[in-house]
Structure formats: structure tokens, C-alpha cells
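To start, the structure under review is shown below, and the notes come after it.
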Amino acid sequence: MSSEATGAEHAVDEGGLVFHPMDQFIIKPLFGDGAVAWYTPTNATLWMGLSIVAIIVLLVLSTSKRAIVPSRAQSIAELAYGFVYKMVEDVTGKDGVKYFPYIMTLFMFIVCANFLGLLPMAFTPTSHIAVTAVMAMAVFLSVTIIGFYKNGLGFLGVFWISSAPLALRPILALIEVISYFVRPVSHSIRLAGNMMAGHAVMKVFAAFAAIAIASPIAIVAISAIYALEMLVAFIQAYVFAILTCVYLKDALHPHH
Amino acid sequence: MATQTHDAGQAVAEAPGMPQLDFTSFPNQIFWLVVTLVIIYLVLDRVALPRIGAILAERQGTITNDIAAAEDLKVKAVEAEGIYNQALADARAEAQTIAAETRAEIQGDLNDAIAKADAEIAAKAAESEKAIAEIRASALEAVEAVATDTAAEIVAVLGGKADAKGVAAAVTERMKG
């Protein structure tokens, strides 16, 4: 409501072509116009809740028959399970399999939020750095804790590349330490940035569609970018999950 | 209402472009994110993943059993084929034995028949020779008789006195000669 009013105001101010590609990311309370307190149900809450519903439909309801010969929905659930399970097993090894539910949680949340966010008028929780940063920090902290818990101080070996020449090792160690602490930043910004950029670009083209002469190009471009965004929605979830696996592998087997 | 809208518009204008960097919404998002992730984790860990894992394991078991059963059947089929081939070979050998026996039997019969025929032919030939010898003997006798008579007549015509014994002896003498 407030953003519409703002849009109208801007339209009056500027008179010409008006678009607000970032308005779609504004956090709004679901009920009323009040301030956003930490407990207020907002559009972010709604779309996170919808992703929970999607996950329950996809993974719980579809498998309720436990059929040996699966239905379509059940095969999707099995496919998702097998995909993430194999990824965890391949990257982290057998001893990483017990972390599979956590990685599955992250992957399913991100993939559902990304795809639901592609619906028209939807809100994409994963386009917010607050959301992705919390997930990335959770991964970073748990991986670090697991690393020290499993290997003690031997976990520091992840920074000490024993295959490199001795003279280079301190420099490499410095680089490794920096890259280790940059991990959560890149991990979170990669996802949020991709989602935000795609949605913003679509919104910009949508605004161009209002101009008669440009509208055919704009509509074709929106279709093309929408298809690209479908790909990005999946790939970014996959990248987030597989990087989590890679970090976990470093924690479980710190020696290169 | 109008003032509120205006305030909101100003707030948006103050946060230039990026609602992502509006830190006032962070506690809200983080709270709801944690709630969401905990719910998803519980749903997955308690219900979905064990169920899907069980389904996959059950299917794997079924497939393994089916493959084992198929292996058994295959072994049985190979055995059956061996037995069939054995029976076929036995039957063929038996047929060959029977054929050889029959051939030998026929050969024996044939030999017997040939021997018998040879014997018969030999007997007939001997008989014929005998008959021919008899005929020849009787012919010689007749020739001797005719020669004797003729000689006697010739002697008589020539004016001699035919001594029957002398003529017969002379003819016999000539005939030997």
C-alpha cells in the first residue's frame, strides 16, 4: 500500500517513465501498516511459510502412499532426496552423510523460496542478504565448530598446505585464512545478489513493456529472462548446497 | 492514514533503492527465517527423509530380490537346457544304433538271399550240364549207330559182305580217331 502511494508520488514528480525495480523487495507487514517489529508477520513470513507448505506437499504428501512404483510427485521427492544425498556423499564422504538432513533443509528451503519467488507478485525471501547471511553464517559457524571438535587443533591444517614448497606455505596460509573468513560473505552475497538482480531486471523490462513501441521487445526479454531465472533459481540453490558440502568436507578432512 | 503513507514514502526515499540494506527489517527476517528453517528441519528429519529413505531402501531390496530370483531362474533354465540337450543326444545315439542294427540285419538277409540264389544257380547249371552231357552222349551214340548202319549199307551196296561186327569196330575206331 505504502509503496503504491510512493510510486504515485514519484510518477507525479517525474512525469515520464516510472519504475521502481527494488520496491518488490520491501518488507511489509501482512496486516496493517505499522512498523516492522521482530515478531510482525510480514510478506517475508508469508513466502517463507509458503515454502514450508511447498516442501510438505512435495516431500511428505507426495510420498504418503510409499509406493514401490512411484507416482510423478513421489518420483520428484525421490529425485530431490537422491540428488542431495548423492551430492553430500560424493563431496563429504561417508562420514558426512549424517549432516545430510541439515543440507537438505537448506537446499529445499532455498530452491522452494527461489521458485515461489518467480511467481508474479511474489516476494523472494532469498533475495535478502539478511536471510542468506544468516544461513551462510550458520554454515560457517557450524563447519568451524565441527572442524575443531573433530580434529582439535589439527583443523588448522586446512590453512597449512603441505603439498606446497615450504617457503610459500606462510603466504598461502595467510591467503587461506583470508579466504576462509570471506567464505560466509561470498556464500551469502552470491545467492542474494543473483536473486535480487534477476528480479530487478525483470521488473525493469516490465516497466519498458508499458511503452508501446518497446513492449514486444520487452515481453520477449521478460520471457527469456524468466527462463534464465528458472535456471538460476535451481543453480543457486545447488551452488549454496554444494559449497556447504565442500566447507563441511574441509572440516571433516582438513588435510589436503 | 495520509500522513502515514507520506512517512512511509519518506522512509523509502531515505533508504536509497535497496530494501535489502534496511536494517530495521533484519530482526524480523532473521526471526522468521529461523522459525522456517527449524520447521523445515523437523519436517524433513522426522517425517520426509526417513520415509523417502525407507521407500528407496525397500525398492532396492525388491530389485535385489527380483534380480536374485531371475538369476535362479536363469540357472534353472540352463540346467533344463542341459537336460534337453542330453536327452536329444541320447535319442540321436539310440537312433543311430537302431539304424546300424537294421542295416546289419538287412545286409545279413541280403547275403543269405544271394548265397541261396548262387546255390540255386549253381545247382541249375550243374543239372543243365548234365542234361547237355546226356544229350551229347545220346547224340554220339546216334551218330555211331547211323554211321555203322550207313557204313554197312555202303559196304553192301559196294558188293561186299558186311560183317556187322567188323563195321561197328571200324566205325568205333574212326570215331575215336
Side-chain angles (χ1 to χ4, degrees), chain A residues 1-3 5-6 9-10 20-27 33 35-42 44-45 48-49 51-52 55-56 58-60 63-64 66-70 74 77-78 80-82 85 100-102 104-106 108-109 112-113 125 127-131 134-135 138 192 196, chain B residues 1-70:
Chain A
M1 169 107 186
S2 57
S3 65
T6 327
E9 236 172 39
H10 278 278
H20 301 282
M22 305 309 275
D23 281 3
Q24 59 179 319
F25 302 117
I26 294 171
I27 306 278
D33 280 336
V36 176
W38 62 271
Y39 52 84
T40 316
T42 59
T45 315
M48 286 181 193
S51 59
I52 298 177
I55 289 169
I56 290 174
L58 202 61
L59 297 186
V60 177
T63 56
S64 56
R66 299 161 191 261
I68 288 286
V69 178
Q74 191 184 321
E78 288 170 8
Y81 180 101
Y85 191 91
F100 164 61
Y102 301 98
M104 187 72 175
T105 303
L106 285 178
M108 287 313 293
F109 170 67
C112 286
S127 67
H128 272 262
I129 195 76
V131 168
V134 167
M135 291 191 291
M196 187 188 76
Chain B
M1 185 70 187
T3 50
Q4 249 184 2
T5 309
H6 188 70
D7 287 349
Q10 271 190 338
V12 171
E14 279 160 16
M18 288 271 280
Q20 277 87 347
L21 298 179
D22 177 11
F23 294 102
T24 57
S25 70
F26 273 32
N28 178 279
Q29 291 195 67
I30 292 169
F31 168 69
W32 287 112
L33 173 70
V34 170
V35 170
T36 305
L37 288 181
V38 167
I39 293 172
I40 294 175
Y41 174 75
L42 290 178
V43 167
L44 290 184
D45 193 52
R46 299 286 149 84
V47 187
L49 299 184
R51 187 188 285 176
I52 298 174
I55 291 170
L56 292 179
E58 196 184 337
R59 178 169 315 141
Q60 197 56 48
T62 310
I63 290 171
T64 311
N65 285 344
D66 285 1
I67 287 173

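Throughout, a chain's letter reflects where its sequence line sits, starting with A, and its residues are numbered from 1.
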Given heavy-atom pairs under 4.5 angstrom as the criterion, report whether the side chain, backbone, both or neither of [X] touches chain B.
| X | answer |
| --- | --- |
| Pro70(A) | both |
| Gln74(A) | side chain |
| Ile68(A) | both |
| Ala67(A) | backbone |
| Tyr81(A) | side chain |
| Ala77(A) | both |

Looking only at heavy atoms and a cut-off of under 4.5 Å, which of [options] has the most pairs with chain B?
| options | result |
| --- | --- |
| Pro41(A), Ala138(A), Ala192(A) | Pro41(A) |
| Ser127(A), Gly49(A), Ala44(A) | Ser127(A) |
| Ile129(A), Ile56(A), Val131(A) | Val131(A) |
| Leu106(A), Ile55(A), Thr42(A), Thr63(A) | Thr63(A) |

Counting heavy-atom pairs under 4.5 Å with chain A, the top scorer among Thr24(B), Leu49(B), Ile63(B), Ile30(B) is Leu49(B)

Partner chain A: residue of Leu21(B), Val47(B), Val34(B), Leu33(B) with the largest heavy-atom pair count (under 4.5 Å): Leu33(B)

Checking heavy atoms, do the side chain of Ile40(B), its backbone, both or neither come under 4.5 Å from chain A? both

Could you check whether any side-chain heavy atom of [X] comes within less than 4.5 Å of a side-chain heavy atom of [Y], counting everything from C-beta outward?
| X | Y | value |
| --- | --- | --- |
| Pro125(A) | Gln29(B) | no |
| Ser51(A) | Met108(A) | no |
| Leu37(B) | Met135(A) | yes |
| Asp45(B) | Pro101(A) | yes |
| Arg51(B) | Val60(A) | yes |

Establish, yes or no, whether a centroid distance under 6.0 Å links the rings of Phe109(A) and Tyr41(B). no

Can you tell whether the side chains of Arg66(A) and Glu58(B) come within less than 4.0 Å, N to carboxylate O? no

List the atom of Ala37(A), the atom of Asn28(B), and the distance in Å for their closest heavy-atom pair. O-ND2, 2.9 Å

Using a 3.5 Å distance criterion without hydrogens, assess whether the side chain of Trp32(B) forms a donor-acceptor pair with backbone atoms of Thr40(A). yes

